[in-house]
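Start at 1 with the first residue, then count along the sequence. Below, all heavy atoms of this structure are taken into account, side chains as well, without hydrogens, waters or symmetry copies.
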Amino acid sequence: KGMMENGGLNANVYAVDPGRMLFVTQGAGLVGKVKEFVFQQEETDWWEYQSKQYYPPGRTKALMDNDERKKAEEKLGWRQPAAPKDKPSKKKGKNKKGEL
């Protein structure tokens, strides 16, 4: 936040998950300034606005897909491994006539 304020940008920043931040601005034109600031940070993979991902100049996609990102977060200890899914139960055959 301090770096943004030094650059004349007033926005609130919240850590929502490890490696993810939420920027809240009030005022016309500030979203573009936040985007510009975010892309100046070399560790930025992508920036999302209104459910659309944007990438730093020179890129057209994220460095890793969501599954790869989840595995990396688990390896770093930022996320708990997903609980194993229950195996579907085997369907039993139809009951013979007279059986319950």
Notebook entry, point to check: Parallel under 30°, tilted from 30 to 60°, perpendicular over 60°: which one fits the rings of Tyr54 and Trp47?
Noted result: tilted

Check: Rounded to the nearest 0.5 Å, what separation is found between the CG atom of Leu30 and the CD atom of Glu36?
Finding: 12.0 Å

Next item on the list: Report yes if the side chains of Asp45 and Arg59 come closer than 4.5 Å at any heavy-atom pair, otherwise no.
Entry: yes

Check: Under 4.5 Å between side-chain heavy atoms, hopping through other hydrophobics if needed: is there a path connecting Met21 to Phe39?
Finding: yes

Next item on the list: Would you kindly confirm whether Val24 and Val16 end up in one hydrophobic cluster when ILVMFWY residues are joined by side chain heavy atoms under 4.5 Å apart?
Entry: yes

Margin query: Does any part of the side chain of Val38, heavy atoms only, come nearer than 4.5 Å to the side chain of Phe23, both counted from C-beta?
Written below: yes

Next item on the list: State plainly whether one hydrophobic cluster holds both Leu22 and Tyr49, where clusters connect Ile, Leu, Val, Met, Phe, Trp and Tyr through side-chain heavy atoms under 4.5 angstrom apart.
Entry: no

Next item on the list: Treat each ILVMFWY residue as a node, draw an edge where side-chain heavy atoms are under 4.5 Å apart, and state whether Met64 and Trp46 are in one component.
Entry: no

Next item on the list: Search all heavy atoms of Gln53 against all heavy atoms of Tyr55 and return the closest pair with its distance.
Entry: OE1-OH, 2.9 Å

Notebook entry, point to check: What's the spacing between Asn66 CG and Glu68 CD if we round to 0.5 Å?
Noted result: 9.5 Å

Item checked: CD (Glu43) with more than 12 external heavy atoms under 6.0 Å -> yes

Next item on the list: To the nearest 0.5 angstrom, please state how far the CD atom of Glu73 sits from the CG atom of Asp17.
Entry: 7.5 Å

